[in-house]
Colleague: 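Next up is a structure, given as structure tokens.
On a predicted model such as this, the values are computed, not experimentally measured, just so you know. The chains referred to below are lettered A, B, ... by the order of the sequence lines, with proteins before strands, and numbering in each begins at 1.
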Number of protein chains: 2
Amino acid sequence: MHAHAHHTRPDFAEAAQNALLDGFTLRELAKGYLLSTPACPRNQVLMVQSGRLRVYLADDNRELNLSFLEAGDIYTTHTPTYVEAVVPSSIWLIETPVFARKLATDPSVTPVMMRVMGRLLSNAVGLIEDLAFREVPARLARFLWQLAERRGHRLEHGWLVPLDFSMQDIASLLGTTRQSVSSLINQWEREGILQRQGRRSLLVPSLDTLKARGAPLP
Amino acid sequence: MHAHAHHTRPDFAEAAQNALLDGFTLRELAKGYLLSTPACPRNQVLMVQSGRLRVYLADDNRELNLSFLEAGDIYTTHTPTYVEAVVPSSIWLIETPVFARKLATDPSVTPVMMRVMGRLLSNAVGLIEDLAFREVPARLARFLWQLAERRGHRLEHGWLVPLDFSMQDIASLLGTTRQSVSSLINQWEREGILQRQGRRSLLVPSLDTLKARGAPLP
DNA sequence: CGCTGTCCGTCGGCCAGCCGACGTTTTGCC
DNA sequence: GGCAAAACGTCGGCTGGCCGACGGACAGCG
């Protein structure tokens with residue numbers, strides 16, 4: 001749900017066709033650069049060309065990742081969040097007023113934007129459901145099998161899932177702590193639900209047993 | 001934040017001017033009517049003419065209110081939620097495909113929709129912040145003073161705040177339980193932070209002391 | 001005016017999971 | 001290779017607040 005929005009690739013293609021990017025400017029961001037904060041809400045629309053941005057909320061002693069943006073993803077800072085480049089990145093950027101004029105003159109842009117905002121909204125609602133209804137093991141299980149389904153490669157032994165997030169990243173994405181994620185993953189490894197495969201990937205023998213962790217009762 | 005979106009009134013006025021409602025049909029809903037569920041995602045856009053609708057998420061044994069819609073509020077079921085009339089209501093309704101055509105032909109509608117979705121997104125993010133960062137007393141305090149600021153009437157003794165929600169409603173809005181809300185309100189009454197005034201309103205002597213409950217440490 | 005349904009107040013047990021702490025392993029960098 | 005910094009594993013204490021339970025207060029209705 002709130003893992004990646006890399007299914008925006010179609011939009012990217014469409015955007016290129018429609019010359020959506022007219023008026024956007026290309027910017028290079030250094031690692032760690034804070035593009036936007038709630039305090040300074042520079043309203044803008046952006047599309048990631050390369051790299052990885054982290055969208056997150058924060059209070060004094062905690063952070064919650066809303067999502068990670070990667071190549072092709074579109075985002076708009078309509079909402080008071082932090083946006084930070086976690087690796088050197090390059091993005092297409094436009095200020096909202098300029099974009100609004102574009103919207104007014106070129107109606108073909110509208111459906112793209114509606115879809116982008118719809119997706120942001122779905123992500124947000126999904127996260128709310130997680131926080132309000134599901135407990136940590138269920139959230140983690142869901143995160144993992146969604147990752148497997150969209151990023152994983154099928155092998156004879158099961159699914160090989162690339163995992164280029166730190167435990168802390170995952171924890172923040174799920175609204176929990178590093179310790180809880182770590183414990184759960186190790187416990188599941190002992191139970192044979194998954195195996196560590198090198199440092200940056202997992203092997204999941206059966207997605208179904210993993211999914212079973214997402215729905216305790218039935 | 002996620003209390004009411006009744007500040008959509010300006011949109012309503014604007015909508016009337018632009019004849020936004022062309023193509024919408026007026027519908028009367030009986031109390032308790034379920035307009036939409038996640039299972040049957042009838043994509044539609046609606047504007048409330050009168051009454052009150054409840055937008056909520058649910059799992060098997062819990063419900064979470066996302067917001068209450070009242071006269072003038074606009075909503076779109078882009079996202080898998082329940083929408084229910086809690087009192088007899090009448091609303092303007094349009095199916096998304098029809099609305100999309102409208103958007104394509106009349107670009108003046110676009111900014112209105114963008115603002116509506118932006119507001120939904122802000123609500124959602126606010127709720128996420130609450131669930132992830134703040135504990136129950138802080139959420140309740142914030143809910144109450146926001147209600148006071150937008151609905152309350154200034155008296156010599158303090159603010160008179162109409163409270164036409166049940167404890168259960170408030171609890172669901174804040175992602176907590178009836179019991180917790182009840183305990184807190186009564187405790188605060190004992191502490192003199194607020195007084196019950198009749199059955200359906202509160203008297204808050206000082207909003208600031210109430211707000212103090214929203215930020216424990218400093 | 002009793003009856004029934006809805007709402008409110010309060011108590012106590014219980015537990016998920018946060019938090020601090022500390023040691024170990026990996027990674028990145030000179 | 002060697003060192004600092006980051007990331008990971010694990011343990012135990014502590015607690016916010018959920019949950020069930022039960023009784024009282026209102027309100028509507030026949």
Colleague: Check the distance between D/dC18's P and A/Leu131's CG and give it to me in whole angstrom.
Modeller: 14 Å
Colleague: When rounded to the nearest 0.5 angstrom, what is the spacing between CG in B/Leu155 and CD in B/Gln197?
Modeller: 8.5 Å
Colleague: A/Gln179 has an atom CD; how far is it from atom C1' of C/dG20, in whole Å?
Modeller: 8 Å
Colleague: So, is B/Asn186 near the phosphate of C/dC8, with a side-chain N or O under 4.0 Å from OP1 or OP2?
Modeller: no
Colleague: Using whole Å, what does the distance between atom C1' of nucleotide D/dG9 and atom CH2 of A/Trp188 come to?
Modeller: 16 Å
Colleague: D/dG17 C1' sits how many Å from B/Leu174 CG, rounded?
Modeller: 14 Å
Colleague: Between A/Glu149 and A/Arg142, is there a salt bridge with N-O shorter than 4.0 Å?
Modeller: no
Colleague: Identify whether any heavy atom of B/Arg62 sits under 4.0 Å from a base atom; if not, whether one sits that close to sugar-phosphate; answer base, sugar-phosphate or nothing.
Modeller: sugar-phosphate
Colleague: Measure from NZ or CZ of B/Arg62 to the centre of the six-membered ring of B/Tyr56 and say whether it is under 6.0 Å with the direction within 45° of the ring axis.
Modeller: no
Colleague: Checking all strands, does A/Arg190 fall into the base, sugar-phosphate, or nothing category for heavy-atom contacts under 4.0 angstrom?
Modeller: sugar-phosphate
Colleague: Send over the distance from B/Glu63 CD to D/dC18 P, rounded to a whole Å.
Modeller: 15 Å
Colleague: Using only side-chain N and O atoms of A/Arg196, determine if any of them is under 4.0 Å from OP1 or OP2 of D/dG9.
Modeller: yes
Colleague: How close or far is atom P of C/dC8 from atom CD of B/Gln168, stated in whole angstroms?
Modeller: 9 Å
Colleague: So which nucleotide from D/dG16, C/dT10, D/dT10 ends up closest to the side chain of B/Ser182?
Modeller: C/dT10
Colleague: Separation of B/Leu184 atom CG from D/dG16 atom C1', in whole Å?
Modeller: 11 Å
Colleague: Classify the side-chain pair B/Tyr75/B/Thr81 by whether it contains a donor and acceptor separated by less than 3.5 Å.
Modeller: yes
Colleague: Is it true that B/Asp169 and B/Arg54 make a salt bridge, defined as a side-chain N closer than 4.0 Å to a carboxylate O?
Modeller: no
Colleague: Could you state the CZ-C1' distance from B/Phe133 to C/dC18, rounded to the nearest angstrom?
Modeller: 14 Å
Colleague: Take B/Ser183 and A/Ser180, find for each the nucleotide of DNA chain C with the closest heavy atom, and name the residue whose nucleotide sits nearer the 5' end.
Modeller: B/Ser183
Colleague: Between C/dA21, C/dC18, C/dG17, which one does the side chain of A/Thr177 approach most closely?
Modeller: C/dC18
